[in-house]
Amino acid sequence: MTDPAFPARVSDNPAPDLPLHDLAGFNHRWVDAGGVRLHAVEGGQPNGPAVVLLAGFPQTWWAWRKVMPDLADRFHVIAIDLPGQGHSERPDGSYDTHTVATYVHAAVKALGVSTYWLAAHDIGAWVAFSLALKYESRLRGVALLDAGIPGITLPDAIPTDPEVAWKTWHFAFHLVPDLPETLLAGREREYVGWFLKAKTLSPDTFDDAEIEQYAAAIAAAGGLRASLAYYRDAGESGRKNHEALEQQHLTVPVLGISSSHGSIPDMAASLRPWADNTTGFVVPDAGHFIPDEQPDAVAAALAGFIATAAGPRPRRTHR
């Protein structure tokens, strides 16, 4: 746990021009994660079970800001900006989810955590699934929120029915070389705002300041490139997922969290063929951005999952 008497150095921050938002009871950390500096926000109970949180597009660790205080009474809570997100480094090279999972796991180890629970939303869930395949022996359990996983549950074809196409059209757009950068540069706020308003059950979930905050993170140097890279490397992510699943299925407890108006109607059903111990939970009155829309329900679901799944299980040899 960070000692407030020894705060993280400003020089550690790979994105010093972005405002750094604080959350009461939590501290900012930057760690060397296999040669990439990642930003983590850490708080809660130093000796409690560790819960690591990952966000997706177009957000940062701030997506968990309403959930983290509810978990902090019982758990050691760590929210991490993925490579390219928020105040983490935006490296060149691959953003396939197995490569990114290696960075995330290295960051958790650098924070002194050996085993942990993992909860992740959207692209964060892509990374979490691959991390579970690579480091299952280090995970106590993994919760995946409203995400199609590359090569597993992410559809190969983009639907053309207008009733559903608006949820997934951007996957193809982000894959086009150069065009998204040309069209989006200088218009990041409009683009980010569309996602945050169109994919929530209530379009008032995010205020203007939050939209500006997320847009600024993507507009910062390397932010747009990194955001698009997750989609452009999704094919490689899927290939590596399949290679790993040919050797074994997940045995770590898995919780699939869906929402009443999200993108994936039944996360548990979509994951069950690949994970031997899967349960599901549907959050009512929420769209895609579940931790922002129904944080109390998400915190309760995670706490309940951990309480139920915390019993002993066979340990695999670390790979």
Side-chain angles (χ1 to χ4, degrees), residues 14-15 17-18 34-38 54-60 81-104 120-131 146-162 164-199 211 214-244 263-264 288:
D17 294 334
L18 284 177
V36 174
R37 281 179 297 166
L38 295 189
L54 306 177
F57 178 83
Q59 295 184 285
T60 67
D81 276 333
L82 296 174
Q85 275 185 346
H87 290 85
S88 284
E89 194 170 354
R90 292 147 165 74
D92 295 325
S94 179
Y95 281 73
D96 80 82
T97 52
H98 283 251
T99 297
V100 174
T102 300
Y103 296 140
V104 171
H121 174 244
D122 191 76
I123 286 176
W126 297 10
V127 175
F129 187 88
S130 297
L131 192 154
D146 204 38
I149 308 299
I152 306 302
T153 60
L154 190 66
D156 291 329
I158 303 299
T160 56
D161 181 352
V164 293
W166 65 272
K167 294 183 178 182
T168 55
W169 68 273
H170 61 289
F171 286 89
F173 175 59
H174 289 176
L175 290 174
V176 178
D178 301 325
L179 182 62
E181 290 91 331
T182 300
L183 297 179
L184 298 179
R187 300 178 180 87
E188 292 87 357
R189 190 202 184 285
E190 289 78 10
Y191 195 58
V192 166
W194 181 87
F195 283 93
L196 298 180
K197 289 186 176 295
K199 291 198 169 194
I211 294 173
Y214 290 130
I218 289 178
L224 181 57
R225 169 183 55 80
S227 297
L228 297 173
Y230 283 94
Y231 295 88
R232 290 170 176 171
D233 289 340
E236 179 69 1
S237 301
R239 184 185 67 79
K240 289 183 176 180
N241 283 340
H242 273 294
E243 287 180 352
S263 300
I264 310 295
H288 173 61

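Closest non-hydrogen pair, Ser130 versus Ala101, comes out as C-CB, 4.2 Å. Taking every heavy atom of both residues into account, Thr60 and Tyr214 meet most closely at N-CE2, 3.4 Å. The two residues Ala219 and Glu188 make their nearest non-hydrogen contact at CB-CD, 3.6 Å. Between Ser263 and His288 the shortest heavy-atom distance is OG-ND1, 3.7 Å. What you find for Pro14 and His87 is that their closest heavy atoms are CD-O, 3.1 Å. Between Ala125 and Ala147, the shortest heavy-atom distance links the atoms CB-CB, 3.6 Å.
Contact annotation: the side chain of Leu82 approaches that of Tyr230 to within less than 4.5 Å [non-hydrogen atoms, C-beta and beyond]. The shortest distance between side-chain heavy atoms of Thr99 and Tyr103 falls below 4.5 Å.
Of the possible donor and acceptor atoms, none in the side chain of Glu243 sits under 3.5 Å from a partner among the backbone N and O of Lys240. The closest donor-acceptor contact from the side chain of Asn241 to the backbone of Pro150 lies under 3.5 Å. Ser88 places no side-chain N or O within donor-acceptor distance of the main-chain N or O of Gly84, the cut-off being under 3.5 Å. A donor-acceptor distance shorter than 3.5 angstrom exists from the side chain of His242 to the backbone of Gly151, with no hydrogens or angles considered.
The pair Arg239-Glu236 meets the salt-bridge criterion, with a side-chain N (NZ, NE, NH1 or NH2) lying under 4.0 Å from an Asp/Glu carboxylate O. By the 4.0 Å N-to-carboxylate-O rule, Glu181 lies close enough to Arg232 to be salt-bridged with it.
The aromatic rings of His174 and Phe195 sit tilted relative to each other, their planes meeting at an angle between 30° and 60°. In this pair, Phe57 and His170 present their aromatic rings parallel. The plane angle is below 30°, not in the 30 to 60° band.
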*With side-chain contact (heavy atoms from CB on, under 4.5 Å) as the test, would you mind laying out the steps for Leu38 and Asp81 before giving the verdict?*
CA-CA 6 Å; Leu38 295 189; Asp81 276 333; over 6 Å; no
*Residue pair Leu131, His98: steps toward the side-chain contact (heavy atoms from CB on, under 4.5 Å) verdict*: CA-CA 7 Å; Leu131 192 154; His98 283 251; over 6 Å; no
*Could you walk me through whether Leu228 and Tyr95 pass the side-chain contact (heavy atoms from CB on, under 4.5 Å) check?*
CA-CA 9 Å; Leu228 297 173; Tyr95 281 73; over 6 Å; no
*Are Arg90 and Gln85 close enough, and set up right, to give a side-chain contact (heavy atoms from CB on, under 4.5 Å), and what steps lead you there?*
CA-CA 7 Å; Arg90 292 147 165 74; Gln85 275 185 346; over 6 Å; no
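When each of Thr97, Leu54, Asp96 is checked for a side-chain contact (heavy atoms from CB on, under 4.5 Å) with Trp126, only Thr97 meets the rule.
Between the NE2 atom in His121 and the CG atom in Asp146 there is a gap of 5.5 Å [rounded to 0.5 Å]. Rounded to the nearest 0.5 angstrom, Arg187 CZ and Thr182 OG1 are separated by 10.0 Å. One finds the OH atom of Tyr191 at 9.0 Å from the CD1 atom of Ile218 (value rounded to the nearest 0.5 Å).
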